[in-house]
Structure formats: C-alpha cells, structure tokens
S.K.: 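Got a structure for you, questions after.
All values below come from the heavy atoms of this structure, side chains included, with hydrogens, waters and symmetry mates left out. Given the structure is predicted, the values throughout are model-derived calculations rather than measurements.
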There are 2 protein chains.
Amino acid sequence: MVAEPGQGDEVVTTPAEPPAVPHPADEPAVRERARAIPEAAVARLAIYLRALTELSEQGVGTVSSEELSIAAGVNSAKLRKDLSYIGSYGTRGVGYDVGVLIGQVERILGLTRNHSVAVVGIGNLGHALANYNGFPGRGFPVTALFDVDPDLIGVPVGGIPVDHIDDIPQVVADRDITIGVIATPPSAAQEVCDRLVSAGVQCILNFAPVVLQVPDHVEVRKVDLAVEMQILSFHVARRADEGSTESTAAGPDGAVNGTGMSEVDGMVMRP
Amino acid sequence: MVAEPGQGDEVVTTPAEPPAVPHPADEPAVRERARAIPEAAVARLAIYLRALTELSEQGVGTVSSEELSIAAGVNSAKLRKDLSYIGSYGTRGVGYDVGVLIGQVERILGLTRNHSVAVVGIGNLGHALANYNGFPGRGFPVTALFDVDPDLIGVPVGGIPVDHIDDIPQVVADRDITIGVIATPPSAAQEVCDRLVSAGVQCILNFAPVVLQVPDHVEVRKVDLAVEMQILSFHVARRADEGSTESTAAGPDGAVNGTGMSEVDGMVMRP
DNA sequence: ACTTGTGAATAATTTCACAGCA
DNA sequence: TGCTGTGAAATTATTCACAAGT
C-alpha cells in the first residue's frame with residue numbers, strides 16, 4: 001500500500017525567454033498584468049480541478065485545504081495560496097464548496113468554452129491521441145487530424161478522417177481549431193508549427209523533440225519523453241553514488257567516459 | 001520562419017513534498033548532497049544534450065554558449081550557469097567542445113548505462129510507447145510490457161510479448177528494469193505503481209491522471225495531457241480578456257512580450 | 001577580441017505562521 | 001474551535017555584469 005504522501009506531484013516550467021529582442025530600453029517591467037497568477041500556480045490549478053472533480057463525483061460537497069491538498073499531492077499552504085490568486089471562495093472554519101470551486105477554477109482556466117484540437121502527425125502517438133476522443137474531462141474535442149502520407153488521407157482515425165496538411169488553413173478555420181498538437185517527426189515539426197500558426201492557431205502542444213520558434217503571441221507547451229526519462233536517469237545515478245561517494249574523499253572523477261557520443265532525444269512519430 | 005528566439009523550451013521540476021511524514025526530528029538538512037544541481041537545471045541539461053547531439057551530427061566541433069543557448073531555446077547566461085553546475089568544460093574565448101560536453105552531460109545524467117524500461121498498460125498510448133523501441137537516441141530500451149487483458153498476454157507489441165502484471169516481480173528482476181512507465185487507466189495506476197515499487201523499480205513515469213503515492217526513495221515524473229491542455233486554455237482565455245480589459249492605461253504598446261512561462265505536465269491514456 | 005565562469009542582484013516560488021471570520 | 005486568506009520570511013531560480021583566461 002505504500003502510505004507515505006511523499007512526493008508525487010510534478011511541475012514543469014517553461015521560462016519563456018524574456019525580452020529576446022534588442023529591447024527598446026529598460027522597460028521598467030511595468031505593464032503589470034492585473035491579476036497575475038503565477039505560472040506555477042496555473043499548472044496546479046488544473047491538478048486541483050481533477051481532484052475536485054473526483055470528489056464531486058463521489059458526492060463530496062465540501063473540502064478543507066488540507067484534504068484537497070493531499071488529494072492533489074501538494075501541501076495545504078501552497079494550495080491555499082494558489083486558490084487565493086483566483087479569489088476567496090472558501091469559508092473559514094469550514095472549507096471550500098466543491099461545486100463552487102470547480103466552477104471558479106474552470107472559469108480561470110478558460111474551460112467554460114470548448115477548445116477544438118487538431119492533431120498533426122498520425123503515427124503511433126497521433127493515433128493514440130486521436131483516440132482520446134474528447135480529451136479527459138472533456139472540453140478538448142479532437143476535431144481534425146493531419147498528415148502527409150497519401151495512404152492516410154481520408155482514412156478515419158478515432159472517427160475523424162485524416163486531412164492533408166495542405167488543408168490546414170481551410171480546416172483550422174472551418175472547425176475553429178484552438179489548439180494544435182504536433183506529433184510529427186522532429187524534422188517536420190517546425191514546418192508544421194509554422195503552418196498552424198499561419199492558420200491562426202495560438203496554442204501548440206509539441207511532442208516532437210525540437211525547440212519550436214514561434215511568434216510572441218503563440219503559446220507552446222512541450223512534452224518530451226526523452227527528457228523525462230533522462231531526468232529520471234539523473235536521479236537514479238545521483239542516488240547510486242550517493243551511497244558510495246561516502247567513502248573516499250578524493251579522486252571522484254576517474255569515471256569519465258571516453259565514449260564519443262550518443263544521442264538522445266525525445267519522442268518521435270511517423271507521419 | 002518565425003525568427004524570434006522567443007520562448008520554446010521547457011523544464012520540468014519535481015518538487016517532491018518535503019518532510020510530509022512526521023519525521024524523526026528536524027534533520028538539520030544535513031546529508032548535504034555535494035554537487036547539488038538545481039532540478040530546473042537538470043531538465044535543461046537534457047535539452048542541451050539534444051541540441052549538442054544535433055550539432056555533433058552536423059559535424060560541428062565547437063559551440064559558444066550563445067549559439068547553443070539559441071538552439072536550446074534559453075538565454076546564454078542561464079545556459080552557462082547550468083553548465084557551470086557540472087563543471088568547467090569550456091574554453092574562454094572559444095566555446096565548448098561539442099564532444100566533450102556531450103560526454104559530460106551524459107555522465108551527469110547517468111546515461112553511460114542503459115535503463116531498461118517497462119511499460120504497463122498496453123492501450124493506445126502503451127502501444128505507441130512500446131513502438132519507440134529503444135527510445136530516442138537509444139539508452140532507454142523498452143524490454144517489458146504488462147497488462148491484465150488475457151487477450152493481450154503473450155501477444156508481441158513492438159517486438160516484445162506482453163506479460164501479465166502478476167509477473168511484474170519476476171520480469172522486473174530478470175530484465176533489470178530501471179524505469180516503469182504507467183499507461184493504465186487512472187483507476188489502476190496506484191496499484192500498478194505499488195507493484196512496480198515492490199518489485200524494486202525506483203523511477204516511474206506516470207501518464208495516468210492520478211497523483212501517485214510512493215515512498216521517498218522512488219522518483220515519479222508525471223505527464224498529463226489534460227493539464228497541458230488546460231494550461232494552454234488558460235493562456236488563450238487570459239489573452240482574450242487582456243485585449244478587452246486593457247482599455248485604459250497608456251497605449252497598448254503592443255510590444256509586450258507574450259509572456260511565456262508555463263509549467264507542467266500531463267497526459268492520459270486508456271488501455 | 002572573444003567567450004567562459006561566477007559572485008552578486010533580482011525575481012519567482014514556496015513556506016511560515018497567524019490574524020480574522022464562521 | 002477550525003480553517004481560510006495572506007503578509008512576511010525563506011528558499012530557489014534567473015539574470016546581470018564583469019573579472020579572468022585564451
């Protein structure tokens with residue numbers, strides 16, 4: 001049963017280059033965005049939402065920050081602080097009304113509307129994604145699929161026929177696509193990204209192990225399996241010499257691997 | 001072509017709750033782990049490695065922090081700082097030797113050894129993962145697949161026959177599995193996790209939308225598609241009312257950087 | 001001339017701890 | 001009495017900016 005609450009959550013940060021541009025002087029960092037919810041908090045709100053939804057389904061009507069924080073895998077102080085960014089919807093001495101909180105978090109996350117998703121690159125991963133018809137708690141219906149493979153065009157995957165990427169402008173406009181998911185091989189990712197952006201897509205979820213270049217108004221999130229694996233690898237390694245390093249004090253190096261290289265990299269797909 | 005270097009990279013951090021357990025007193029935080037590389041830096045090292053590998057394949061022998069940082073989508077100061085955590089392998093006035101740096105980063109990330117991967121839950125995503133035979137640039141070979149569906153047991157997927165999860169202890173030991181990937185439905189995730197941990201797996205990559213409870217010595221990373229989508233959704237929403245809410249105040253000076261941060265993780269599956 | 005490596009300055013995030021309200 | 005909401009402190013991460021090496 002493994003009881004320890006221990007770790008368990010995760011957070012990823014996408015720093016996003018600051019100015020990046022020559023910079024017209026030292027903008028006093030003004031331009032303060034009113035209700036600035038810390039990025040880190042936004043990511044957790046989505047997690048709280050899941051926990052809340054679960055509670056709601058179980059018929060729970062009220063939760064304390066303590067209970068919810070456990071379900072979400074964070075500590076209660078952080079949870080309260082996060083929730084405080086979106087307003088005060090709790091009742092002192094009591095806790096939060098699950099229904100109310102769900103509504104508020106959804107509002108902040110912009111989940112009151114639907115976001116049509118287009119998946120580009122119908123390979124292994126693309127197939128898997130296409131079959132999440134209407135993602136998790138719904139709200140993110142996959143309504144378009146694209147690829148370049150002539151054998152795939154027209155073939156329905158997960159109920160949706162695959163279109164050729166040349167039709168991106170047309171289809172994105174017609175189906176009001178909000179989010180583009182790139183599941184192509186790395187070599188095609190940037191071009192696909194450019195096409196999506198040209199078609200008006202402002203949100204991209206990138207599974208290709210490539211750093212996409214996009215204009216400032218486009219938001220990119222990346223999911224990189226190889227990176228995740230490597231981070232895990234780092235921790236194994238760390239733990240490994242944590243136990244040994246304890247002996248001698250000097251000569252730790254020696255280990256240097258003479259190897260030449262290797263590569264590494266993240267997910268791939270095949271269009 | 002979208003030139004701006006803008007955002008584009010990603011980093012993942014796994015805070016890992018602190019004590020969480022009553023804790024046997026207030027460990028003076030001793031046990032100081034010598035070379036403490038910030039979590040955020042570790043995540044980026046994996047990205048640098050990819051960029052370096054690409055450069056190496058292109059025959060590039062030396063890179064400056066400026067060049068590499070652009071390829072990795074971060075700014076050069078951060079890159080240099082990150083690299084400084086692993087040692088001084090650059091040459092002032094010149095840059096870094098690509099081959100040397102690759103070797104060092106791999107060493108730090110523990111990529112000098114292989115990490116056998118087991119995928120549990122052979123549904124859509126599981127299939128996709130199984131087919132990344134030997135992940136990206138190798139180093140993470142998938143050597144075991146598990147599921148509960150009798151129809152799947154014994155069937156080879158991506159060249160590897162599926163075993164029943166009851167065989168986890170046996171197979172994990174025999175094939176020296178280091179990393180367990182959970183691609184099951186959320187309801188089965190915790191149990192599968194417990195079994196993997198019991199079998200000795202210390203690293204888990206979780207695709208199920210669940211907060212796993214694990215003992216302290218186990219490292220968990222989570223990939224949650226729904227969360228990623230919701231974060232994107234948040235940014236669309238924010239941008240939406242940014243346009244309206246902005247009315248007053250000085251001119252819209254359009255320039256404002258589209259911000260960019262982000263965090264997190266997410267993805268789901270269904271077997 | 002250039003470019004690294006890094007203290008010091010900033011900024012962001014997390015945690016504390018407690019006043020205030022139900 | 002119990003739990004939220006939140007300033008303020010602590011911690012962590014990012015950026016600056018420059019001395020030092022080639």
S.K.: Grab the CG-C1' distance between A/D82 and C/dT13 for me, whole Å please.
M.R.: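 Distance, rounded to whole Å: 10 Å.
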S.K.: Rounded to the nearest 0.5 Å, what separates atom CG in B/L83 from atom CD in B/Q104?
M.R.: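 B/L83 atom CG to B/Q104 atom CD measures 10.5 Å (nearest 0.5 Å).
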S.K.: Under 3.5 Å, which protein N or O atoms sit close to an N or O of nucleotides 18-20 of chain C? Give each pair with its distance.
M.R.:
{"unit_1": "C/dG20", "atom_1": "N3", "unit_2": "A/R92", "atom_2": "NH1", "d": "3.2"}

S.K.: Does C/dT15 have OP1 or OP2 under 4.0 Å away from a side-chain N or O of A/N75?
M.R.: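 A/N75 to C/dT15 OP1/OP2: side-chain N or O found under 4.0 Å.
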S.K.: Distance check: side-chain N/O of A/T91 vs OP1/OP2 of D/dT4, anything under 4.0 Å?
M.R.: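 So the side-chain polar atoms of A/T91 never come under 4.0 Å of the phosphate oxygens OP1 or OP2 of D/dT4.
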S.K.: Closest approach to the side chain of B/K81, judged atom by atom: which nucleotide of D/dT6, C/dT14, D/dT15 is it?
M.R.: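 Among D/dT6, C/dT14, D/dT15, the one nearest the side chain of B/K81 is D/dT15.
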S.K.: For B/L101 and C/dT4, give me the distance from atom CG to atom C1', rounded to whole Å.
M.R.: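 Rounded to the whole Å, the gap is 12 Å.
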S.K.: Starting the side chain at C-beta, find the nucleotide from C/dT13, D/dT4, D/dT22 nearest to A/E39.
M.R.: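 Of all the options, the side chain of A/E39 is nearest to C/dT13.
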S.K.: Rounded to the nearest Å, what distance is computed from the OH atom of residue A/Y89 to the P atom of nucleotide D/dT6?
M.R.: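 Atom-to-atom, A/Y89 to D/dT6, this comes out as 11 Å.
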S.K.: Do A/I179 and A/C203 have side chains that approach each other closer than 4.5 Å (heavy atoms only, starting at C-beta)?
M.R.: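 In contact.
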S.K.: List the residues meeting side chain to side chain contact (heavy atoms under 4.5 Å, CB included) with A/A189, not counting sequence neighbours, and say none if there are none.
M.R.: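 Listed in chain order: A/I182, A/T184, A/A208, A/V210, A/L212.
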S.K.: Can you tell me the distance, in whole Å, between the CG atom of B/L68 and the P atom of C/dG5?
M.R.: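 Between P of C/dG5 and CG of B/L68: 12 Å.
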S.K.: From the options C/dG5, C/dC16, C/dT14, select the nucleotide whose nearest atom is closest to the side chain of A/A77.
M.R.: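 In terms of side-chain proximity for A/A77, the closest of C/dG5, C/dC16, C/dT14 is C/dC16.
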S.K.: Does D/dT4 have OP1 or OP2 sitting under 4.0 Å from an N or O in the side chain of A/S65?
M.R.: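 Yes, A/S65 has a side-chain N/O under 4.0 Å of OP1/OP2 on D/dT4.
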S.K.: Restricting to side chain to side chain contact (heavy atoms under 4.5 Å, CB included), what partner residues turn up for B/S65, sequence neighbours left out?
M.R.: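 With sequence neighbours excluded, B/S65 shows a side chain to side chain contact (heavy atoms under 4.5 Å, CB included) to B/S76, B/L79, B/R80, B/Y96, given in chain and number order.
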S.K.: Quick one: does A/S233's side chain have a donor or acceptor within less than 3.5 Å of a partner on A/M229's backbone?
M.R.: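 Side chain of A/S233 to backbone of A/M229: no pair is present.
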S.K.: Please examine the side chains of B/T178 and A/L232, heavy atoms only from C-beta on, and report whether any two atoms are closer than 4.5 Å.
M.R.: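 No - every pair of side-chain heavy atoms lies 4.5 Å or more apart.
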S.K.: Taking only side-chain nitrogens and oxygens of B/Y96, does any of them come within less than 4.0 Å of OP1 or OP2 of C/dG5?
M.R.: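 B/Y96 to C/dG5 OP1/OP2: side-chain N or O found under 4.0 Å.
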S.K.: Can you list everything that forms a side chain to side chain contact (heavy atoms under 4.5 Å, CB included) with B/A71? Sequence neighbours excluded, please.
M.R.: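 B/A71: side chain to side chain contact (heavy atoms under 4.5 Å, CB included) contacts with B/A51.
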S.K.: Please report, rounded to the nearest Å, how far the P atom of D/dC3 is from the CG atom of A/L83.
M.R.: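 Rounded to whole Å, this separation is 16 Å.
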S.K.: Are the side chains of B/Q213 and B/Q190 in contact, using a 4.5 Å heavy-atom criterion?
M.R.: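 Sidechains of B/Q213 and B/Q190: in contact.
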S.K.: For the pair made of CD1 in B/I37 and P in D/dT12, what is the distance, rounded to whole Å?
M.R.: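 To the nearest whole Å, that distance equals 16 Å.
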S.K.: Quick one: list whatever passes side chain to side chain contact (heavy atoms under 4.5 Å, CB included) with A/V60, sequence neighbours left out.
M.R.: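 A/V60 satisfies side chain to side chain contact (heavy atoms under 4.5 Å, CB included) with A/L55, A/Q58, A/V63, A/V98 only.
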S.K.: Expressed as a whole number of angstroms, how long is the span from A/E67:CD to D/dC3:C1'?
M.R.: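 Going from CD in A/E67 over to C1' in D/dC3 covers 11 Å.
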S.K.: Expressed as a whole number of angstroms, how long is the span from A/I86:CD1 to D/dT6:P?
M.R.: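 Taking CD1 of A/I86 and P of D/dT6, I get 12 Å after rounding.
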S.K.: Any idea which of D/dT14, C/dC16, D/dG7 is nearest the B/K78 side chain?
M.R.: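 Within the option list, the nearest is D/dT14.
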S.K.: Using five pairs at either end of the helix from C/dA1-D/dT22 to C/dA22-D/dT1, determine the angle between the two local helix axes and round it to 10 degrees.
M.R.: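 That helix has its two terminal axes inclined by roughly 0°.
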S.K.: Ignoring hydrogens and geometry, is there a side-chain-to-backbone donor-acceptor pair from A/S64 to A/E67 under 3.5 Å?
M.R.: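 The answer is yes, because a donor-acceptor pair under 3.5 Å joins these two groups.
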